[in-house]
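Below, chain A is the first sequence line, B the second, and so on; all start at residue 1.
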Amino acid sequence: MSGFQRVVSKDTAEKFYLKVALEFENPDTRIDSVQFRALVSKALHQLYGETGASIPVDILRFQDDTMEAILRVSGRSLVKVWSALTLLGEYAQEECAIRVTQVSPHLLALAVDSRHFFQNLPS
Amino acid sequence: MVRIKNRYFLCELVFEDAIWRALAVNNQHLYNAVKDAVRQIHGDYGAAAIAWGLNVKYLNPDTGVMMIRVRRQNQKILSTTLPFIKSVASFPVTMRTLHISGTIRSCQKFLVKYNRRQLVVLLRQCRTKEERQKVRESIRRCTLEQEEEEFGDGALEDT
Amino acid sequence: MSQKDVEKESFTLYDPLPRKLKKDKTLVQVPKDPKQFVTSFLRAAAPRKRGEQLEKLSSRKEMVMDAVKPKRRTERRRGRKKKALSNKQKKELNMNNIPKELQKYEMYEPLHQLWLDYMRDSLQLKNPTVTAENLHIKLLRCDLHGSIMTVTKSKCPSYIGQCGIVVQESRNAFKMITKADVMKTIPKASTIFTMSIDNLVVNIYGNHLRFRAGDRANRKFKVKPTIDL
Amino acid sequence: MVEFLSPKSKTIFESSAFIHKNSRHTSCVSDHYFNHAVEVFLPCCDSLPDAVQVSSPQRQEYYAVKRLPLAELTNAEFVSRFVKAGRLYVLSIGQHIDTHNVAAILPTGRLILSVNKDTYQELGLEGKPSQFEKPRKVTKYSVEVNLVAESFCKGKKNYERVQWCFKDRLDLTFDFLLAWQPNDPSQSLDDLGSFWSSKYECLRVEQRQHSFQMRNQSIPVIDSSLLLHRQHKSNQDASRMNGSSQGCEETQVRSCDAAEVYEWLGAVACQCDCSGASDSFVNTYRCPEPSQQVSSSVCHRWTGLITSERILHMLDALRSKVECSRMPWAALTVHGFTDSPVSWGSREHGFSKYGNNLYTFVIFPKEQRYWLIMGIGDHDVCP
């Protein structure tokens, strides 16, 4: 059993993970994870109708204080979810925006962000 | 050659109560019904994609058969939406897609064939003798035409 | 139509002369021997003094009496100088190339000074009425031989930083002599040159200047869609 | 239905043993020069073991220099004092590789510049078009300068040209991160800091660390011999044909797939909720089956610029720790820089939507076996 085995998967990723941040016009507005899921559904319904709203999206993590979330979608629907989230402008009569900060087929990669880490170097 | 490629959908409007409702429906009603349904099923993206080139080309108020034109790249959007159309001009209705083709000509060919088949069905449903006679008459007429076509131009002149 | 038909037709085209006319004596009858006729005619018609020359006259050749154009070509050739060489011949004779021993930077420094004077004269930078618009047109038309040019941007990194005095300009390239006394040919295509005249620094987009030096002087320039290399 | 093309991803799964003669774990670690973060996950542990703590990159510091011109880095004096006298890691930060210019010096003494078209056309150094670009539409070039080559010294043409390009042609300045491991033990990182401190703003930075503990968590059960179920399934079909269906059912229950474990490790690292019910509206993700309950486990992460020597060190410490403790397995994850111009060795790295280059070791106590899972982007070459 001490053999060497190597498998390379090069196809379209089965799952894609998005790290997004929700911002409201009014900075005091807060929503919970269930509302956030509804917001994602609404965004998808708006742009892609009922076929869009039926796309399965998992919210792996939602931080209530910063309203940052990690979403899991299938690779085939990544573009739809990404575009729908970007084009969302309003939720529950309040203007809001979603920033997609990181997208990756590797969930581990979302744990660190080397792009934004050094922006606030101590000086 | 650069050419805009289209798909023509031949559909039948099936009214729930009576077929004469078709007389009250016009192309504009159908167009709006299709567009609203696409917006509902495929959202803003689908509605915007299909808006370019969507057209109701033909509507037969007697039989309720219609033809919709759509750009070829968007045919999937339309074909997935048609079953979800529930009403046209506030009449409850279901759509039956009969045929999809790339040209109006082949749609028309299919429609002729289809109507001929429908006549036979109609014959079976007839009850009174008069009706039966009428349908027979029309069947004979269209089969005759076919023969004439086979004989070609010369045969037509003779008659 | 057959051959015979043609003959028939042609016969009917010309009717024979009417008899009346044939008998008319006033009409000149064409003699059987034209030469005899001429001599006799001359004898009768020429003035007496010329009688001795008649022999000569009649012995002359026939002449066409039409107005004949004088042969101007021969006259021109005489007036023309020796023919200039064609471009191909020039090339074969190595006339376009500057010999190695003459490729000296120092030799061309006076040329650069001359060019500077020429540019100062033509551009009149100190004149306050000169606008950028005027300057552009003048710069387009001016002669670039003798200017010190530097390549600032190019698709090919090796050309970048080449600097020298322009000694030749062709449709597609500048030939310049660098400080190391080497002649470099630098294509105009996808290259940006920089030259300076006193305080004015000019960037030249080589892509937009691909004409011969002479052509550029009076040519209508078209705007190109991009300044990308 | 509306369908869009989705981006591709590359994941490499490897199963091997540390003692295997063809094992490539050393080359995988040491060729990955620019490491941004190291993360250890230890199940059945209350706190980070001392052996691991000692070998951690905690005490390894690095410098951040602000607005440093490239000419300073290619200076003959700097090259002889630092580049040739040790392993020097230099990486520019704050510039994005997909839109800006990026520079790095590898420990092998190569300066790698990934520049966009406009910069390349003005710079005057020979380079290659990026291999991920379409021909005739190249917008990105990579320029390589060998700083340790013999021709790269004062008075030589190559050196003068490079100096001239960085000084007179273009004033390329970046914010740099520098880490240095001198060959001579009498020298230290301080020399690097004092070299420029008079002219440029130099900061000595410590690795940032982050740690969290999880209690009563379920972790997947892993069998080191079964890497992927896809392979496994085909074996299953074969065994079914042989009529031994009972055996394969057993194996199906016994362990988790490497892809599942990989995803789960990510979920732990991101502190995701792993308790989703299958009919939940919000989240349907849960720990892959079969799983086991563990009273406590530790996840520790160091972030900064970490040299590959440190990681090799740590890997060795972790190996010996796993062997002599009762951990079912342990995981070590290393994240590369998104904006590094190279991934493994001098293989070119690109961004293309996510620009990941990371690898994970899952270490097993039995027979020194390990799994190596490498996650790389679309614009990246398989190592």
Side-chain angles (χ1 to χ4, degrees), chain A residues 1-17 19 32-34 36-38 41 48-49 51-52 56-63 70-80 82-83 102-115 117-119 121-123, chain D residues 1-17 20 22-23 36-37 39 64 66 93-94 96 175 177 201 203 205 225 227-228 230-231 262-263 265-267 269-273 276 281-285 301 303 333 335 337-339 353-354 356 358 360 367 369 375 382:
Chain A
M1 281 314 278
S2 62
F4 174 80
Q5 192 185 359
R6 179 182 163 109
V7 182
V8 182
S9 81
K10 272 187 182 175
D11 313 329
T12 304
E14 210 169 289
K15 295 281 182 201
F16 256 90
Y17 307 90
K19 197 191 231 175
D32 63 8
S33 61
V34 178
F36 183 75
R37 178 68 180 88
S41 285
Y48 294 107
T51 52
V57 178
D58 283 330
I59 294 166
L60 297 183
R61 178 186 178 199
F62 185 79
Q63 277 179 300
I70 292 178
L71 310 182
R72 181 175 75 156
V73 296
S74 72
R76 285 164 70 219
S77 50
L78 170 76
V79 178
K80 278 191 190 179
W82 196 342
S83 53
Q102 262 181 300
V103 177
S104 174
H106 316 292
L107 183 52
L108 262 169
L110 299 191
V112 290
D113 186 358
S114 63
R115 277 204 165 171
F117 184 77
F118 292 100
Q119 270 178 357
L121 267 179
S123 53
Chain D
M1 276 293 282
V2 196
E3 289 287 346
F4 297 102
L5 280 177
S6 63
K8 289 196 170 154
S9 88
K10 290 178 197 156
T11 318
I12 302 164
F13 299 95
E14 271 183 28
S15 163
S16 181
H20 196 275
N22 289 338
S23 174
H36 175 51
E39 192 173 280
K66 287 192 174 174
I93 48 162
H96 294 179
D175 293 349
L177 295 182
E201 195 184 335
L203 301 167
V205 195
S225 59
L227 186 63
L228 281 181
R230 229 180 303 156
Q231 241 73 14
Y262 184 55
E263 188 184 23
L265 280 172
C270 296
Q271 287 167 283
C272 294
D273 173 25
F281 173 60
V282 176
N283 181 13
T284 58
Y285 181 71
R301 185 190 304 151
T303 330
T333 306
H335 299 263
F337 278 85
T338 306
D339 296 318
K353 297 172 194 80
Y354 41 90
N356 297 146
L358 55 103
T360 302
E367 291 173 351
R369 287 201 69 81
C382 283

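With a 4.5 angstrom heavy-atom cutoff, F62(A) does not touch chain D via any of its atoms. Residue contact with chain A, scored on non-hydrogen atoms closer than 4.5 Å, involves the backbone and the side chain of A267(D) alike. For F16(A), the part lying near chain D is the side chain, with the backbone staying farther off; criterion is any non-hydrogen pair under 4.5 Å. At a 4.5 Å heavy-atom cutoff, the contact between L110(A) and chain D is made by backbone and side-chain atoms alike. For a residue to count as touching a neighbouring chain, one of its non-hydrogen atoms must lie under 4.5 Å from one of that chain's; by this rule S23(D) does not touch chain A. Heavy atoms closer than 4.5 Å to chain D are found in the side chain of I70(A), but not in its backbone. Contact of T333(D) with chain A is made through the side chain alone, with heavy-atom distances under 4.5 Å.
Counting all heavy atoms, side chain and backbone alike, E14(D) lies closest to F4(A) at OE1-CE1, 3.6 Å. For V103(A) against Y354(D), the heavy-atom pair with the smallest separation is O-CB, 2.7 Å. For the pair C270(D) and L107(A), the tightest heavy-atom approach, listed with the atom from each and the gap, is SG-O, 3.5 Å. Looking at every heavy atom in both residues, L265(D) comes nearest to L108(A) through O-CD2, 3.9 Å. Smallest separation of non-hydrogen atoms from L358(D) and H106(A): CD2-CB, 4.4 Å. Considering every non-hydrogen atom in both S6(D) and G75(A), the closest pair reads CB-O, 2.9 Å.
Applying side-chain contact (heavy atoms from CB on, under 4.5 Å) to Y285(D) and the options K15(A), R61(A), R72(A) leaves one that passes, R72(A).
Interatomic distance, L60(A) CG to E263(D) CD, rounded to the nearest 0.5 Å: 7.5 Å. Between the CH2 atom in W82(A) and the CZ atom in F4(D) there is a gap of 13.5 Å [rounded to 0.5 Å]. Distance check: T11(D) OG1 to E14(A) CD gives 10.5 Å after rounding to the nearest 0.5 Å.
Looking at residues two or more places apart in sequence or on another chain, you find no salt bridge (charged side-chain N to carboxylate O under 4.0 Å, His left out) involving D113(A). Partners of S114(A) under the side-chain contact (heavy atoms from CB on, under 4.5 Å) rule, at least two apart in sequence or in another chain, are H36(D), F337(D), T338(D).
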Could you go step by step and tell me if K10(D) and V8(A) meet the side-chain contact (heavy atoms from CB on, under 4.5 Å) rule? CA-CA 7 Å; K10(D) 290 178 197 156; V8(A) 182; 5.5 Å; no

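Highest contact tally toward chain A, considering only D273(D), L5(D), T284(D), is held by T284(D) [criterion: heavy-atom pairs under 4.5 Å].
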